[in-house]
Novice: 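Next up is a structure, given as structure tokens.
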Amino acid sequence: MIIKDWMTKDVITVDPETSMMRAAKLMKEKGIRRLPVVDDKGKVVGMLSDRDVKEASPSKATTLDVHELYYLLSEIKVKNIMTPSPITIRESDTVVKCAAIMHDKKISGLPVLNDKDELVGIMTQNEVYSVLLSITGIYHGGVQIGLKLTDERGSLKEVLDCIRGHKARISSILTSYDKVEKGYRQVFIRIMDMDKSALNELQKDLTEKYNLTFWVRDNIN
């Protein structure tokens with residue numbers, strides 16, 4: 001899950017002297033919500049979001065006439081309303097690190113730099129969602145199984161051996177130590193679809209042997 005494999009590479013940018021009106025039009029035309037601001041040396045100096053534009057735009061209750069309003073909007077530059085010195089991330093970092101930064105800092109997009117500090121991409125919530133969907137395997141359908149296991153060596157292997165014993169094909173495995181008491185972990189396993197009778201036998205076996213917290217068929221196709 002390295003950023004360079006998931007980021008959007010064709011990044012649309014603006015320079016600090018671009019008018020707010022031009023930047024707003026560009027975001028609308030391209031269907032994007034943020035623009036990295038790059039100076040004439042190719043360095044990322046800011047980040048402009050649609051929220052920045054909205055907050056800087058005159059209120060509908062303004063007394064300005066259309067010509068004054070047009071002049072005002074043309075005079076406001078990106079450099080006046082952008083977030084300067086934005087948080088960035090490296091293309092060699094992991095998507096998980098990117099997601100943690102976005103979550104903790106309450107931001108929805110990060111410019112991606114290479115080792116030369118050049119802008120090479122952008123990571124937004126959409127890219128992070130794509131990774132989440134990919135690693136959970138939901139587009140492969142099947143059944144997701146939730147279990148509460150002791151945090152002991154071999155506890156997961158025992159469960160996997162049980163699932164394989166029923167000839168089930170595993171498409172993803174995730175674990176979490178959150179929202180569970182110390183000494184335990186939550187494990188989420190997705191298996192490919194199977195014959196109904198085979199699934200029933202597997203569910204019965206897991207229920208009898210382990211702490212099965214949920215069993216969900218969540219095929220979205």
Side-chain angles (χ1 to χ4, degrees), residues 1-136 138-139 178 220:
M1 296 190 295
I2 301 301
I3 285 176
K4 67 179 180 180
D5 296 327
W6 293 92
M7 66 185 185
T8 295
K9 297 179 181 179
D10 297 325
V11 189
I12 300 170
T13 65
V14 290
D15 65 68
E17 295 297 325
T18 302
S19 71
M20 182 185 79
M21 190 164 56
R22 169 58 184 157
K25 182 180 179 182
L26 189 59
M27 284 193 279
K28 184 176 181 180
E29 289 176 346
K30 301 298 182 180
I32 54 179
R33 297 176 58 189
R34 61 198 60 78
L35 290 169
V37 184
V38 180
D39 65 15
D40 55 4
K41 296 179 181 178
K43 181 180 179 181
V44 177
V45 295
M47 196 74 166
L48 182 72
S49 70
D50 57 351
R51 178 181 295 180
D52 297 325
V53 173
K54 290 174 183 176
E55 290 179 350
S57 299
S59 166
K60 291 183 179 179
T62 181
T63 57
L64 296 174
D65 66 29
V66 65
H67 299 293
E68 292 173 321
L69 185 59
Y70 184 85
Y71 175 77
L72 176 62
L73 292 176
S74 65
E75 284 297 302
I76 299 175
K77 306 297 183 184
V78 165
K79 66 182 179 182
N80 303 131
I81 61 174
M82 70 183 187
T83 298
S85 304
I87 299 171
T88 61
I89 198 161
R90 300 287 176 179
E91 63 178 345
S92 56
D93 287 329
T94 65
V95 175
V96 174
K97 178 180 178 180
C98 178
I101 293 173
M102 291 168 63
H103 176 269
D104 294 345
K105 300 296 182 180
K106 294 180 173 58
I107 51 182
S108 57
L110 292 176
V112 183
L113 308 181
N114 62 17
D115 292 336
K116 297 179 182 179
D117 289 335
E118 298 168 332
L119 180 69
V120 292
I122 188 169
M123 283 291 292
T124 69
Q125 292 173 332
N126 285 340
E127 285 77 31
V128 173
Y129 292 154
S130 293
V131 175
L132 173 63
L133 294 172
S134 177
I135 63 176
T136 59
I138 189 169
Y139 286 119
D178 296 328
I220 63 173

Novice: Have Ser108 and Arg34 got a donor and an acceptor in their side chains that come within less than 3.5 Å?
Specialist: yes

Novice: Working to the nearest 0.5 Å, report the span between CD1 of Ile32 and CG of Asn126.
Specialist: 12.0 Å

Novice: Could you check if a side-chain atom of Ser134 sits within less than 4.5 angstrom of a side-chain atom of Trp6, using non-hydrogen atoms only?
Specialist: yes

Novice: To the nearest 0.5 Å, what is the distance between CG (Asn80) and CD (Glu75)?
Specialist: 9.5 Å

Novice: Under a 3.5 Å distance rule, please check whether Thr83 uses its side chain to pair with a backbone N or O of Pro86 as donor and acceptor.
Specialist: no

Novice: Quick one: are Val53 and Met20 in side-chain contact, heavy atoms under 4.5 Å?
Specialist: yes

Novice: Kindly compute the distance separating CD1 (Ile81) from OG (Ser49), expressed to the nearest 0.5 Å.
Specialist: 8.5 Å

Novice: How long is the gap from NZ on Lys54 to CG on Asp50, to the nearest 0.5 Å?
Specialist: 4.5 Å

Novice: When rounded to the nearest 0.5 angstrom, what is the spacing between CD1 in Ile101 and NZ in Lys106?
Specialist: 14.5 Å

Novice: Would you say the side chain of Leu113 lies within less than 4.5 Å of the side chain of Glu118, judging by non-hydrogen atoms?
Specialist: no

Novice: Would you say Asp15 and Val37 make side-chain contact, with heavy atoms under 4.5 Å?
Specialist: no

Novice: Would you mind reporting whether Ile2 and Glu91 have side-chain heavy atoms less than 4.5 Å apart?
Specialist: no

Novice: Using the side chain to side chain contact (heavy atoms under 4.5 Å, CB included) rule, pick out the option among Val120, Leu110, Thr124 that qualifies with Met7.
Specialist: Val120

Novice: Less than 4.5 Å apart, side chain to side chain, heavy atoms only: is that true for Ile3 and Thr94?
Specialist: no

Novice: Side chain to side chain contact (heavy atoms under 4.5 Å, CB included), that's the test. Do Met102 and Gln125 meet it? Break it down for me.
Specialist: CA-CA 8 Å; Met102 291 168 63; Gln125 292 173 332; 3.8 Å; yes

Novice: Does any part of the side chain of Ile87, heavy atoms only, come nearer than 4.5 Å to the side chain of Ile107, both counted from C-beta?
Specialist: yes

Novice: For Arg90, I'd like to know if atom CZ has over 12 heavy atoms of other residues, nucleotides or ligands within 6.0 Å.
Specialist: yes

Novice: Applying the side chain to side chain contact (heavy atoms under 4.5 Å, CB included) test to Val112, which of Leu119, Thr88, Ile89 qualifies?
Specialist: Ile89

Novice: If the threshold is 4.0 Å, N to carboxylate O, is there a salt bridge linking Asp93 and Lys97?
Specialist: yes

Novice: Kindly give the heavy-atom pair with the smallest separation between Lys79 and Glu17, and that separation in Å.
Specialist: NZ-OE2, 2.7 Å

Novice: Give the intermediate values and the outcome of side chain to side chain contact (heavy atoms under 4.5 Å, CB included) for residues Met82 and Asp52.
Specialist: CA-CA 7 Å; Met82 70 183 187; Asp52 297 325; 5.5 Å; no

Novice: Tell me the closest heavy-atom pair linking Pro16 and Asp39, and the distance in Å.
Specialist: CD-CA, 4.1 Å

Novice: Looking at CG of Leu35 and CZ of Arg22, how far apart are the two atoms once the value is rounded to the nearest 0.5 Å?
Specialist: 10.0 Å

Novice: When you measure from the side chain of Thr18 to the backbone of Val14, do you find a donor-acceptor pair of N or O atoms at a distance under 3.5 Å?
Specialist: no

Novice: Does some side-chain heavy atom of Ile122 sit less than 4.5 Å from a side-chain heavy atom of Pro36?
Specialist: yes

Novice: Of all heavy-atom pairs between Met47 and Pro111, which one has the smallest distance, and what is that distance?
Specialist: SD-CG, 3.7 Å

